[in-house]
Structure formats: C-alpha cells, structure tokens
Amino acid sequence: MNFPTSFSLEGKTALVTGASYGIGFAIASALAGAGAKIVFNDINEEFLAKGLQAYKEAGIDAHGYICDVTDEEAVDAMVAQIAKDVAPVDILVNNAGIIKRIPMTEMKAEEFRQVIDVDLNAPFIVSKAVIPGMIERGGGKIINICSMMSELGRETVSAYAAAKGGLKMLTRNIASEYGAHNIQCNGIGPGYIETPQTAPLREDGHPFNAFILSKTPANRWGTTGDLEGPAVFLASSASDFVNGHVLYVDGGILAYIGKQP
Ligand code: NAP
Ligand code: GCO
C-alpha cells in the first residue's frame, strides 16, 4: 500500500453536516488536512458565520450553507448548489444530530419524533440526495456518525438510542444496496466526547462524569481530535473494501465491564 496516496483526499469534495463546531468541525478539518474541499451546513446563521470564521482561522477555505437536514427539498437544493458552487459531493459525513435527555414516560411523542427526524431521517435524506451523483461518477464515501447508543441503552435517551441504532442499520443497508456502485457506507461510533452536546454531563460534580471515567479503560473523555484519523481512513481509498462497518472510537467502553468501585 502506498500510504501517502491511499489516505489522500486530494481532488475530493466532502460535505459534513452540522459542522460549524464540535465533532463535525473536527472531522471536516481532518478531511481538509488530507486534501478534501470542505462544505458544511448549519441551521443557524450565527453559528454558520462563526463556523466559517473558525475554518478560515484554521486555514481552511470551507463553503457553508444554511440548511435544515430534515427538510428534503432544502437538502436537494443545497446538494445541487454545492455541485454548482464547488463540485459534486464525493464524501458525505452525516454528523448533524440532537439529543433530548428525558425519561421515556415523560417524553412527548413530538419530542421523540424530533430526535428521530434529525438523527435518522436526515441521514437518509442527505444520503439519498448524494448517492445518484456518486453512482454517476463511479463511487463515493458515506460516513454516518453513530454512537455508543447504537449498541447500548441508558435512562432518558430512548429516542436517541432508537435513532442511532437505526442509523447503524441504515449504514449497513446503504452498504448492501450501493456497494456494487463502489459506494462505501460506514459508521463512526464515538464514545463520550467533550463537545457542547455532552457539556451538561461534565458539569462540576455531575455523577455521570465519574461514571463514564469508570466505564472507559482509557480513563478519560474523548476529544474531537480522537475522531480525526478514523474519519480520514473511512473517507479515503484506504478503506475501499470496508463497507457496512461501524468503527467505534470509544477508548474501549464497549469492551469493558467497568472499573470495580
Ligand atoms: P453538537 O455539539 O450538539 O453539534 C451538533 C451540530 O448539529 C450543530 O452544529 C447543530 O447545529 C447541528 N444540527 C442540529 N440539528 C440540525 C439540523 N436539523 N440541520 C442541520 N444541522 C443541525 O453535537 P456533537 O457532540 O458535535 O455531535 C455531533 C454528532 O456526533 C451527533 O450526531 C451526535 O449524536 C454524535 N455523537 C456525539 C457524541 C459526543 O459524545 N459528543 C458521541 C457519539 C456521537 P446548531 O448549532 O445550529 O444547533
Ligand atoms: C448521553 C450522551 C451520549 C453521547 C454519545 C455516546 O446522554 O448518553 O449524550 O449519548 O452523546 O452518543 O456515544
């Protein structure tokens, strides 16, 4: 294997959804570092502007679009605009996501649907928008950002676990249905990562913080940087025979029964 070229993304265009900050920003930055042109979206003008500034400060000439990934018409329009403004999408990272931590019996059906809409329906919508072009051009890469909750449940995250479990199976199904067109669809399953989404769990003295450290052999929370190498691997030709796989980047959580108190 020629390492420099097989991990290179030169000449590729990557769309990372919800990538103004957090895991999406880190993954997009890593893909840029490997040579990809970066496109991202957000639903919020202010965050989009801050994201564009952050990419600029990182030396990345990113293109940003306002788009709600749950809105099929808006997604189709954004993908078409990206092809005109930049280039067709070669690499899609379905990163945008929300979580609502509510005991299931207290969760409204509409709240459940909102989480499913962003975390599962949207990856379907955005993948469906880019796959035809990938087929026309001889292949492509789709990376779905799954979760520990693609494998495990816990109190208060019923909607999120249902969505992320479904996203694991959507990943496998896209791989099954479009692998013959040289499209590889894989997942990344981050463990517990320090981002705004998990900030409430890391507040001073929150019991969850000690709990997660006891469940992680690495005895630390993950950082968005821990996800960068795995993302470049799954976006590059180095993973052309990896399909339908969820790569867990969790410091060993899924392998570990937990530290004895
Ligand atoms: P985050 O900090 O909450 O960022 C989520 C991003 O998604 C934000 O930029 C948000 O935009 C965007 N977004 C939400 N709804 C959207 C919509 N309808 N249309 C477009 N963009 C939308 O989350 P994160 O921690 O970086 O997580 C990113 C992904 O990793 C999520 O799928 C999450 O489930 C997954 N994940 C996170 C962890 C973790 O420990 N942090 C672990 C495993 C998996 P706004 O800023 O405008 O709201
Ligand atoms: C939670 C956390 C997790 C992480 C991540 C773990 O409340 O349990 O938010 O769900 O976000 O998905 O992989």
Side-chain angles (χ1 to χ4, degrees), residues 15-29 39-52 54-55 64-72 74-75 78 93-103 113-123 125-126 143-168 170-171 187-203 206-209 211-212 215-216 220-228 230-231 246-254:
L15 167 59
V16 185
T17 65
S20 296
Y21 56 84
I23 287 173
F25 181 85
I27 287 178
S29 300
V39 183
F40 74 105
N41 73 297
D42 201 304
I43 45 178
N44 178 297
E45 289 272 2
E46 181 190 346
F47 287 143
L48 186 83
K50 286 180 177 175
L52 283 168
Y55 284 112
Y65 294 81
I66 289 291
C67 179
D68 178 348
V69 290
T70 66
D71 179 341
E72 186 169 19
V75 166
M78 174 179 69
V93 181
N94 284 308
N95 167 79
I98 61 171
I99 191 167
K100 292 182 184 294
R101 299 183 182 97
I102 305 167
R113 278 193 286 266
Q114 285 168 1
V115 175
I116 297 293
D117 213 13
V118 179
D119 295 4
L120 180 56
N121 293 345
I125 287 169
V126 187
I143 301 170
N144 293 322
I145 306 302
C146 296
S147 162
M148 295 289 94
M149 274 58 217
S150 297
E151 301 293 342
L152 303 170
R154 81 175 186 89
E155 297 79 4
T156 76
V157 295
S158 58
Y160 185 83
K164 293 298 187 179
L167 185 56
K168 175 176 74 172
L170 178 63
T171 299
I188 289 177
Y192 281 82
I193 311 295
E194 294 173 343
T195 73
Q197 191 246 51
T198 54
L201 303 174
R202 287 179 279 109
E203 282 165 1
H206 196 302
F208 200 85
N209 183 44
F211 170 68
I212 282 303
K215 298 287 281 182
T216 310
R220 67 173 174 87
W221 283 72
T223 67
T224 57
D226 290 319
L227 301 166
E228 294 177 5
V246 178
L247 177 55
Y248 287 99
V249 185
D250 65 354
I253 292 176
L254 287 179

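In each ligand, atom 1 is the first atom listed, and ligand 1 is the first ligand listed. For the single chain, residues carry numbers from 1 onward in sequence order.
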Novice: Does Gly189 have a heavy atom less than 4.0 Å from any atom of ligand 1?
Specialist: no
Novice: Return a yes/no value for Lys164: is any of its N or O atoms, backbone included, closer than 3.5 angstrom to an N or O of ligand 1?
Specialist: yes
Novice: For atom 31 (C) of ligand 1, find the nearest protein heavy atom and state the residue, atom name and distance (0.1 Å precision).
Specialist: Asn95 O, 3.1 Å
Novice: Would you mind checking which non-hydrogen protein atom is closest to atom 22 (C) of ligand 1, with the distance to 0.1 Å?
Specialist: Ala96 CB, 3.7 Å
Novice: State, without any angle test, whether Thr171 and Asn144 hold a side-chain donor-acceptor pair at a distance under 3.5 Å.
Specialist: yes
Novice: N/O to N/O below 3.5 Å, does that happen between Ile193 and ligand 1?
Specialist: yes
Novice: Can you confirm whether Asn209 sits close enough to Trp221 that some side-chain heavy atom of one is under 4.5 Å from a side-chain heavy atom of the other?
Specialist: yes
Novice: Is there at least one pair of N or O atoms, one from Asp119 and one from ligand 1, spaced under 3.5 Å apart?
Specialist: no
Novice: Establish, yes or no, whether a centroid distance under 6.0 Å links the rings of Phe40 and Tyr55.
Specialist: yes
Novice: Purely on distance, is any nitrogen or oxygen of Thr195 under 3.5 Å from one on ligand 1?
Specialist: yes
Novice: Compute the shortest N/O to N/O distance between Gly24 and ligand 1 and return yes if it is under 3.5 Å, no if not.
Specialist: no
Novice: With the threshold set at 4.0 Å, does a side-chain nitrogen-carboxylate oxygen contact exist between Lys168 and Glu151?
Specialist: yes
Novice: Can you report which non-hydrogen protein atom sits closest to atom 11 (O) of ligand 1, along with the distance?
Specialist: Asp42 OD1, 3.3 Å
Novice: How close does the nearest protein non-hydrogen atom get to atom 10 (O) of ligand 2, and which residue and atom is it?
Specialist: Tyr160 CE2, 3.2 Å
Novice: If you measure every N or O of Leu201 against every N or O of ligand 2, does any of those distances drop under 3.5 Å?
Specialist: no
Novice: If I apply the N/O under 3.5 Å rule, does Gly18 come out as touching ligand 1?
Specialist: yes
Novice: Tell me, which protein residue and heavy-atom name are nearest atom 2 (C) of ligand 2, and how many Å apart are they?
Specialist: Tyr192 CE2, 3.3 Å
Novice: Just to confirm my output: which protein heavy-atom neighbour is closest to atom 27 (O) of ligand 1, and how far is it?
Specialist: Ile23 CD1, 3.9 Å
Novice: Report yes or no: does a heavy atom of Cys67 sit under 4.0 Å from some atom of ligand 1?
Specialist: yes
Novice: For ligand 1, which is the ligand I care about here, please tell me if Ser20 has any N or O atom under 3.5 Å from one of the ligand's N or O atoms.
Specialist: no
Novice: Which is closest to atom 13 (O) of ligand 2 in terms of heavy atoms, Arg154, Met148, Lys100, Arg101?
Specialist: Met148
Novice: Just wondering, do Leu152 and Leu254 contact through their side chains at under 4.5 Å, heavy atoms?
Specialist: yes
Novice: Identify the protein heavy atom lying closest to atom 5 (C) of ligand 1, giving its residue, its atom name and the separation to 0.1 Å.
Specialist: Gly97 O, 3.6 Å
Novice: Any chance the side chains of Thr216 and Arg220 put a donor and an acceptor closer than 3.5 Å?
Specialist: no
Novice: Counting heavy atoms only, which of Ile145, Leu48, Ile66 is nearest atom 30 (O) of ligand 1?
Specialist: Ile145
Novice: Measure Lys164 to ligand 2 on non-hydrogen atoms and call it side chain, backbone, both or neither using the 4.0 Å cut-off.
Specialist: neither
Novice: Nearest to atom 3 (O) of ligand 1, what protein heavy atom do you find, and at what distance?
Specialist: Gln197 CB, 3.6 Å
Novice: With backbone taken as N, CA, C and O and side chain as the heavy atoms from C-beta onward, which portion of Thr156 lies under 4.0 Å from ligand 2: side chain, backbone, both, or neither?
Specialist: neither
Novice: How far is atom 5 (C) of ligand 2 from its nearest protein heavy atom, and which residue and atom name does that atom have?
Specialist: Ser147 OG, 3.6 Å
Novice: Less than 3.5 Å between some nitrogen or oxygen of Tyr192 and one of ligand 1, yes or no?
Specialist: no
Novice: Would you say Pro190 has any N or O atom under 3.5 Å from an N or O of ligand 2, going by distance alone?
Specialist: yes
Novice: Please check whether Gln197 reaches ligand 2 - meaning an N/O of the residue sits under 3.5 Å from an N/O of the ligand, judged on distance alone.
Specialist: yes
